[in-house]
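This report refers to the structure that appears directly beneath it.
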Amino acid sequence: MIPVALTIAGSDCSAGAGLQADLKTFSALGVYCLTAVTCVVAEVPGKVSRIQAVAAENVRTQIELLLASFPVAAVKTGLLYSPEVVEIVADIFEKSALRNIPLIIDPVMIATSGDVLLQSAAVEIYRSRLFRLATLVTPNMAEAAALTGRPVRDIDEMRTAGEQLQAEFGARFLVKGGHLSGDRAIDLLFDGSRIEEFSAPFHEGISTHGTGCTYSAAIAAGLAQGHVLETAIARAKEFVSRAIGEHFSWTNSLGKIDALNHVIQASSLSGRPGFQPGASPSGGQDARST
Ligand code: PXL
């Protein structure tokens, strides 16, 4: 039976990010994708034109209906947009009956274009209610900086930020180094007892968006399939690296548009690219804990 996973995310009409990236990623990896839509973003790569919220109670109904009807094996959140929707997701996932469904929180705040996507009042609700429910939170360097109130510019600052966030919220954090200088994109996983590193070579000269959405969706897909967290992250890292490397490209009168290629054969993933286990033995867990 195909595993089922749910994404709670915004719609990106250009389909590189948001729920469209999640839908394509889950499908490529062999997971049936359910989508609860939080907002509709009118955008193309490099430019966000408008965002319109879906009524918060409609978002609640979508999620409750899906959870009551399908055997959901993992959940990922992307752009939740408003404080009301973050509250609703917390209301739902605080219920003890749902505590063993893996919950991946991608704390989407800012688009690759630099446009602000998340209403600022929502950040406080993430901090007070949502992070502590997560199996894994996946901030990039800018989001880690916003959440810690300190600059995150290099691998040492990623380490400091990750340790601080893990200790403050008690959840596992994967701080993503997609904007590091150097020749590898290094991500660090903090689980409270050790730090594990996942890396892949940088691909130069490609301006795609949606890599964060794709990465967290691929992690959620791996958990829905029963992989332990470290394996799910390693496979997801390889998936997103291949999606960038094998990207699509079109030219128009304004220049070049690049888009991730989500159609990566799951069977061709090796599983542990650039994976560097921490000092102590890895005891990966599938369900939410800590
Ligand atoms: O890449 C972040 C992101 C997430 N979700 C939606 C988006 C974007 C970026 O543009 O539109 C819906």
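Indexing begins at 1, ligand by ligand and atom by atom, following the structure's order. Quick caveat: nothing in here was measured; it's all calculated off a predicted structure. Starting from 1, each residue takes its place in the sequence as its number.
- Taking a 4.0 Å cut-off on heavy atoms, G78 fails to register as neighbouring ligand 1.
- In summary, the atoms of ligand 1 found under 4.0 Å from a heavy atom of G10, numbered by their order in the structure, are 12 (C).
- In summary, the aromatic rings of F239 and Y215 are positioned with their centroids too far apart to meet the 6.0 Å limit.
- Using a 4.0 Å cutoff on heavy atoms, T112 does not count as a contact of ligand 1.
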Give the C-alpha distance, both sets of side-chain angles, the deciding distance and a yes or no for side-chain hydrogen bond (donor to acceptor under 3.5 Å, both in side chains) between S113 and H209. CA-CA 8 Å; S113 58; H209 75 309; over 6 Å; no

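- The protein atom (non-hydrogen) at minimum distance from atom 7 (C) of ligand 1 is E43 OE2, 3.4 Å.
- Nearest protein neighbour of atom 3 (C) of ligand 1, counting heavy atoms only, is L117 CD1, 3.7 Å.
- Enclosure of atom NZ in K256 by more than 12 non-hydrogen atoms of other residues, nucleotides or ligands within 6.0 angstrom is indicated.
- Taking a cut-off of under 4.0 Å to the non-hydrogen atoms of D12, the atoms of ligand 1 that pass are 11 (O).
- A salt bridge links R127 to E168: one of the charged nitrogens lies within less than 4.0 Å of a carboxylate oxygen.
- Proximity of C213 to ligand 1, defined as any heavy-atom pair under 4.0 Å, is confined to the side chain (atoms from C-beta onward).
- At the shortest separation from atom 6 (C) of ligand 1 among protein heavy atoms lies G18 CA, 3.8 Å.
- The A111 neighbourhood of ligand 1 comprises atoms 9 (C), 10 (O), with distances under 4.0 Å to a heavy atom of that residue.
- E157 has no carboxylate O lying under 4.0 Å from a charged side-chain N of R150, or vice versa, which leaves the two without a salt bridge.
- Look at K176 and E197 and you find no salt bridge, because none of the NZ, NE, NH1 or NH2 atoms lies under 4.0 Å from a carboxylate O.
- A salt bridge between K47 and D115 is absent, with no side-chain N of the basic residue lying under 4.0 Å from a carboxylate O of the acidic one.
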